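Notes for the one structure printed next.
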Amino acid sequence: MRIPCPHCGERGFQEFAYYGDAGPKRPAHGGDTGEDVWFDYVYLRDNPAGPHEELWYHAAGCRTWLVVTRNTLTHEVAGARPARDVALERSAAP
Amino acid sequence: MNVAGRIVAREANGRSSAATLPTQPFRLAAGGLVDRSRTLAFTFDGKRYAGHPGDTLAAALLANGVRLVGRSFKYHRPRGILSAGVEEPNALAELRSGARREPNTRMTTAELYDGLQAASQNRFPSLAFDLRAVNSLLSPLLVTGFYYKTFMWPSSFWEKVYEPLIRRAAGLGRAATGADPDHYEKSTTFCDLLVIGAGPAGLAAALAAGRSGARVIVCEEDFLLGGRALADRRRVEGRPAASWVTEAEAELESLPEVRIFRRTAVFGAYDGGTYAALERVADHLPVPPAHQPRQRLWRIVAQRAVLAAGAIERPLVFGGNDRPGVMLAGAVRSYLNRFGVAPGSRAAVFSNNDDAVRTVADLAAAGVPVSAYIDPRPQIPAAVRQVAERAGARVLTGAVVQRAVGWEKLLYVRVANDTGQEFVVNCDLLAISGGWSPTVHLTSHAGGRPQWREDIAAFVPGTPPPGMTVIGAAAGDLALADGLAAGARAGAQAARDCGFSVADAPVPFADAESTVIAPLWRVRNATGKAFVDFQNDVTATDIRIAEQEGFRSVEHLKRYTTLGMATDQGKTANINGLALMAEYTARSIAETGTTRFRPPTTSVAIAAFAGQHRGREFRPTRLPPTHAWAQELGADFVETGEWLRAQQFSRPGEPDWLATVSREVNAVRNGVGFCDVSTLGKIDIQGADAAEFLDRVYANLFSTLPVGRARYGLMLREDGLVMDDGTTSRLGETHYAMTTTTANAARVLQHLALCREWLWPSLDVQIVPVTEQWAQLSIAGPKARAVLQAIVDPAFDLSNQAFPFMAAGAGTVCGGVAARLFRISFSGELAYELAVPARFGDALARRLMQVGNDFGITPYGTEALGVMRIEKGHPAGPELNGQTTAGDIGLGRLLSKKKDFIGRAMAARPGLTDPNRPTLVGLRPLDRAARLRAGAHFLPRDAAATAANDQGHMTSVAFSPTLGHWIGLGLLARGPQRLGEVVRAHDPVRDGDVLVEVTSPVFVDPQGVRLHV
Amino acid sequence: MSEAALLPRSPLAGLLRPVGGRGAAGVTVAERGSLRIAGLVARAGGAVLADIVRAAYGVDLPTSPRRTEADGLEFIWAGPAQWIVLAEPGADDLAATLRGRFGMLAAVTEQDDARVVLRIAGPRVRDALAKGVPIDLHPRAFGPGDVALTLAGHVPVHLWQVDDGPAYDIAVARSLAGSFCHWLRDSAGEYGMAVEG
Amino acid sequence: MGYDRYSVFSLLRESLRGHAGWGPAWRDAAPRPAYDVVIVGGGGHGLSTAYYLASQHGITNVAVVERGYIGSGNVGRNTTIIRSNYLLPGNIPFYEHSLKLWEGLEQDINYNAMVSQRGVLNLFHTDAQRDAYARRGNAMRLHGIDAELLDRAAVRRMLPYADFDNARFPIHGGLLQRRGGTVRHDAVAWGYARAADRRGVDVIQHCEVTGITVENGRAVGLQTTRGTIRAKKVGLACAGNSSRVAAMAGLRLPIESHVLQAFVSEGIKPLIDCVVTYGAGHFYISQSDKGGLVFGGDIDGYNSYAWRGNLPTVEDVCEGGMALMPIIGRVRITRSWGGLMDMSMDGSPIIDRTPIEGLYLNCGWCYGGFKATPASGWCFAHLIAQDAPYPVAAALRLDRFATGRLVDEKGVGAQPNLH
Ligand SMILES: Cc1cc2nc3c(=O)[nH]c(=O)nc-3n(C[C@H](O)[C@H](O)[C@H](O)COP(=O)(O)OP(=O)(O)OC[C@H]3O[C@@H](n4cnc5c(N)ncnc54)[C@H](O)[C@@H]3O)c2cc1C
Ligand SMILES: NC(=O)c1ccc[n+]([C@@H]2O[C@H](COP(=O)([O-])OP(=O)(O)OC[C@H]3O[C@@H](n4cnc5c(N)ncnc54)[C@H](O)[C@@H]3O)[C@@H](O)[C@H]2O)c1
Ligand SMILES: Cc1cc2nc3c(=O)[nH]c(=O)nc-3n(C[C@H](O)[C@H](O)[C@H](O)COP(=O)(O)O)c2cc1C
Ligand SMILES: [Zn+2]
């Protein structure tokens, strides 16, 4: 499996560390979020069979976090973006 | 082979010149691609034989008239050579000896070298006389599934009696006798096009792509390029096919961007266009030359791949079809044409297709009489009949071989035709062909399902992995001309796909052939055992039994009968087996389907996957800056993660490590010692939001930390449990130096990056690992200041007022060496951590030894460090084991109530705040002479040793030289409320129960007076 | 007392030894010792940093895995908005200099001792590197000035191509120098490795 | 038709008549319109659940629906290790219950699954690891389970061929559970299927569940590729596919699906007697009765439903193997494969009710559920039949993540790929 690091270029996945689903949204820092929302964020996963947005860390490369779109049925990697860009975009979205 | 190698081989062999070697009675007078000018000596089961360079072991044995080469797995039936390639199920040998012994080596692919030693396997006491052949008589009992139905009584007999018997009888060859002495390598390479298989189709593809300038890799598992073009007397471009191959090879060699990997099998197709291949670099030599690996694992990343792996011929299923002397028709041609060997002296050919009649012609041309050509088809094409008759063979149509008769060699075959006539055909070689199965294996590694093609009675590739095209016989285009054309097309297309322009070139033309086939899956009125899977002894009857018992899915069939599960993965067996299942279940073959193919397509040595990473090079070793110095002092070292750290510095005359460690501890407690703590993770944190960032990632506050001060910090995971701890210092308003534990350094760095980039991308914070930059030495003990005073440059005021406990600062030492100084203490003594650029770490240690000499300075290792932290009750690895909360380790007060932080919410869950959770306490043995051991469980003093009474466990222990007895830290249910209570530290696995008294975890200087002097 | 009062020790001491090979070495290796190295990480709004660097040195800080040179300094990409800066031995305290110039715009760290830098060259250098470096170093894919953060075996490396020789510089964490050299000797042995410098 | 009991006598009798008399091991049942209980998943756990529903609770109007052939999932692709050497009180009694059931299984189900108590040896390489194993061994002993802590010399006697002298991480000793061992994996599925079938359970193959019918907050049936099936109770035992099936009822689970690979070598004469796990890398190995070395290591580490892994993991596993026992270097791998692990957030399984009445959940087995097969079925059957957890499985609850009463053996927290 090869991951197209937007910074380093395409690399074998052995250079990366995996964190899992990029979907769950962390409750706001400092907010007064209920325990069930936290539970949901920390523990529950969609775990879909098909396209999946997930966090990978380019540990043996540029040491940055990426959001990789990958199909869990075929392992085809559709693309990768810097996690920071995705996060900024998401926080800008309403 | 180089001369040295040959001499070694000779000596190993203990004999001398090739002149005394036996002749090769079955070597043809001429022909073949072997080098007859040189003779190689080899042994099989201790007996000496001769062969030539270019032979495989199988070819050379056949040349010497050896027919019996092995015994089957279950029934120990005598077996001969069936094939001439990787599909071989029978002819397996132990190659080489001692630590280089390789079990189950296919004789058909083992390249002959001078001095080669081979031994037959799975026989007792000898190949010719195998006692276990009685299994054959028991065979009615040993059918498929027999063991599931019996051996159940008495139940204790399985491990003691039945299983050992079964195990000893099973298995094939023997493993080596010692650690593999050879070297292995792994290499990664990239290309535009990977061509798998260098038969005519593959060569055509490589040429077409290579000429465009594309980067092409051609992998061929054989030691010669050419595939079937070497085995068949065919013509390409009007020339003998083999000479066309030579020219193609020469042209490919001349193209700078084309690489040819010989002896290299592509064995796995993985995701992302990654292919795994095994190059057998030195398997054709007695031992690998110096600095050469035995084998090299290639990871090939290819934009495009062309699979041109050819096809594998299928045996026919009839009685005694496993007799030595029964051989695949195409293999017979290989031995005749490529190796110049006659695999028999009188032959018959049994085939259901138009291709095998070439074998009749080639045998005759080589001077081997052919008694009969036997074909189940009532009508055969005139051309086929003609070829057979011209070769002098009697042509029997509508006829089948019912039984091959013989034991260790074939004597004759019994033939019956559709009019009920029976014949006996004398022969010691029966060439058989049930048709050809495309080598589709690599196309299904990514999940593609092969498709049934009725017209050629074979499975062809379904959906290959992305980027792969299949051509030639592998695609079911069995005719040579089609393969050449497809190759030229696919090669050009691949080059275009990779952005190269390709000129149209003429497609090499070839003579025509017929590939017509009428499937015959088994001979119906066969007598005797009719084998489907030769190696695993699976017969047609076994398949019927499986069907009867409901194991009808091909995958059930496989698992119940072990069909296709042997070393050859059923390359010659699978299709026949599933066709029989289709017949028994009255389904079509397409409906029945194939079992799934998986890597590796041919077996690969475990060592090849490991490559260089074994022994001490299994994982890298990280050495701290003072390593060389510590080594000179004779330190003992200990693995801590990837690091190798000095464990203790023993001195001559010290009876044991405990004496050494106690001396080191005493030195620190009473004088001064120092220890390399460079392995702690060091992370530089800067930025306008650095303080805010630390407040979020640490449970306690860091924004309030004054510049020039250090603070102990505790980090939680998002789930509220403790992740790591360490001291972090504020070097400037927006600049912090964080330390982490050695074990968690990488994990923390990754976590901080996630926080910065993913959770809070708008914070201005920069995180830079600086562990490697600094040599950090802890200098501890009442005399630490005095020693330090001797090396800091004058500007540095070390007084308690100027540089109090938990102060942090920068300056220079030893006359201008930049340094950072932290007054922090793990030992509980007056202590400093002094950091200098790592290149000076070694010299700093030596300097400290000098200047500290008068103070009795003592280097100490991780053991003494551990003892002192236990004496002080500081939690470390065994307490921060990922299962503990801040409260569990007595640090609940650090969880800030003033701010939010990672883990805050989840840490409040009832399970994590349960007052009954085991909590950190100190322990000391009631009998002060008793030894404590970590891992013991706590039980109420007089309670029974049951799980219900389990109240926690001892996490860390040490012999405290300060107190003169063992002490421990532990997690005890409601521990802090039980100070003074006596509990039992229960340690049955070491027979060491001890009564211990619950104490505060801080054993030494509970007020922390010494820290502040 | 001068700095020489503490003798620096290279972690490569005793590790670079020639190995294998008959005839001319296929691979040569030399330590680029005593380099000055600093780490540079742009603070939020890093664009200004690029402007200041351009103004100071007349070069663009590489925004992709590339290396540029100016004024005796090498700027080597080390991740998004991150670089390491190299200066020849003997230069002034590089980190201090950089901090003086860019301290407001970048986090500057001393890295002089964090890495060792080796120059590896020779006709078979690509073959030797392929035995552990899992990236494409073919001239069509990677050329002079190109930079990569990747692995050599299990050892993380930071490498860049120096010239068409080809020669590569490989920076390795100090603590891993021994393991790296072991891997290099293993990998280059087949072609013969000579030690220069 | 066929034999109700397998024995050496039935085998002898059949051998005299060409084995014409064997009937199907289980009927090829077609789905009926309604059952008392339908179990989704014809793996080890589903089949054993059905068997114990029938044999322990007298509930025989039961179907097991399986999308492929029975045993096509993880029960048919695991490395066959059974043991009860767990650390935490939430796990130990459960796995010990399982080991006890294994010990009497073959007589119970009349099928030789080759339960082989050849010993499981976990090696340690540092003092800290030793203490952690001592803690575990002591915990086992407190539960009445056999555990021995071996020193280096004792390990050397057992594994003379391991690398003691040139290792990156030298072996210091090991924790041995002699009652641990291996079981012929496929036979477990077949044996339970046959035994359940004999008690009236319908084993329905090639029947994929595509929907769960929930009416008024209650599960009342299933949609399948072979039609609708009504059920009073539905039990999910679909291992790596748990999230997908649970989603049909609108549930999200604390589960990720990951691929785990395993490997088998060519058959060789007996070399490795017991099961060995390497403590300094991801590697464990045993030798099958056929002679193949069966081994594996870590999961590939990313969410996957692809039933296959990738090359770096293969290399990683073999590096571990060579580091531990370089004698196997020239033995060849003949096949590799992958299975889907339902990795839970604390690495321990879940056997519990769900918020939907009548819908029961059995999942989260990670890479360790084969050894649990008998106890899992036993406890799940009890839960379904009695609507109350069987005591040894009482800690394996779904709500433990919300309450914080985690069963985290490794202590790595809510990151499934690290368990
Ligand atoms: C390589 C490998 C090695 C392992 N090694 C060990 C080991 O040594 N020891 C150990 O204890 N454990 C081991 N395990 C784990 C163990 O195999 C599993 O935890 C256990 O088998 C899971 O339970 P099961 O048998 O019920 O699962 P499975 O056999 O996977 O059963 C689940 C079934 O559900 C079916 N299913 C899924 N979705 C549907 C649907 N929609 N409709 C109908 N049916 C459906 C599947 O087809 C499958 O047959 C290993 C696993 C793997 C992959
Ligand atoms: N008339 C028939 O019925 C019939 C049937 C089969 C083959 N043929 C003949 O066979 C030839 C087919 O040509 P082709 O080029 O397709 O096949 P080929 O068999 O000539 O060549 C395939 C080559 O691929 C190599 N190979 C296979 N798997 C490999 C792997 N995984 N890695 C590396 N190398 C691998 C083999 O060693 C072989 O050299 C033609 O000459 C054709 O006439 C004819
Ligand atoms: C314990 C065990 C032993 C195995 N032994 C063999 C073997 O000797 N030969 C073989 O070809 N496959 C063997 N397999 C692997 C199976 O062929 C198959 O790959 C596995 O059951 C997964 O199924 P799949 O590959 O069809 O997906 C074994 C599997 C297991 C679980
Ligand atoms: Zn990257």
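Every chain is numbered from 1 and lettered A, B, ... according to where its sequence line falls, protein lines coming before strand lines. Everything quoted here is computed from the prediction, not taken from an experiment.
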For this session: Let me see the working for A/Arg81 and A/Glu89 under salt bridge (Lys or Arg N to Asp or Glu O under 4.0 Å), right down to the final yes or no.
Result: CA-CA 11 Å; A/Arg81 300 179 57 206; A/Glu89 218 170 81; 2.8 Å; yes

Exercise. Is the D/Tyr302-A/His75 ring centre distance short of 6.0 angstrom?
Worked result: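 For D/Tyr302 and A/His75, the ring centres are under 6.0 Å apart.
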
Problem set entry | Parallel, tilted or perpendicular: rings of D/Phe263 and D/Phe295 (30°, 60°) |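 The rings of D/Phe295 and D/Phe263 lie parallel, inter-plane angle below 30°.
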
I'd like to verify something: which residue of [options] has the highest number of heavy-atom pairs under 4.5 Å with chain A?
{"options": "D/Pro416, D/Ser304, D/Ala414", "answer": "D/Ser304"}
{"options": "D/Ser242, D/Ala246, D/Ala247, D/Pro254", "answer": "D/Pro254"}
{"options": "D/Gly413, D/Ser257, D/Ser344", "answer": "D/Ser257"}

Less than 4.5 Å to any heavy atom of chain A: does that hold for the side chain of [X], its backbone, both, or neither?
{"X": "D/Leu340", "value": "neither"}
{"X": "D/Ala402", "value": "both"}
{"X": "D/Leu253", "value": "backbone"}
{"X": "D/Glu256", "value": "both"}
{"X": "D/Asn303", "value": "both"}

So what's closer than 4.5 Å to chain D heavy atoms on [X]: side chain, backbone, both or neither?
{"X": "A/Phe39", "value": "side chain"}
{"X": "A/Trp38", "value": "neither"}
{"X": "A/Tyr19", "value": "both"}

Exercise. Less than 4.0 Å between a side-chain N and a carboxylate O, is that true for D/Lys410 and D/Asp346?
Worked result: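 No, this pair does not count.
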
Problem set entry | Test side-chain contact (heavy atoms from CB on, under 4.5 Å) applied to D/Ser348 and D/Asp408, step by step | CA-CA 7 Å; D/Ser348 291; D/Asp408 186 349; over 6 Å; no

Seminar exercise, completed: Pair count under 4.5 Å, heavy atoms only, with chain D: among A/Ala17, A/Gly20, A/Pro48, highest is A/Pro48

Exercise. Do side-chain atoms of A/Asn71 reach the backbone of A/Leu73 as a donor and acceptor pair under 3.5 angstrom?
Worked result: yes

Problem set entry | Heavy-atom donor-acceptor pair, A/Ser91 side chain to A/Ala87 backbone, under 3.5 Å | yes

Problem set entry | Within 45° cone and under 6.0 Å: D/Arg244 NZ/CZ vs D/Tyr305 ring |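 Geometry flag: set, cation within 6.0 Å and 45°.
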
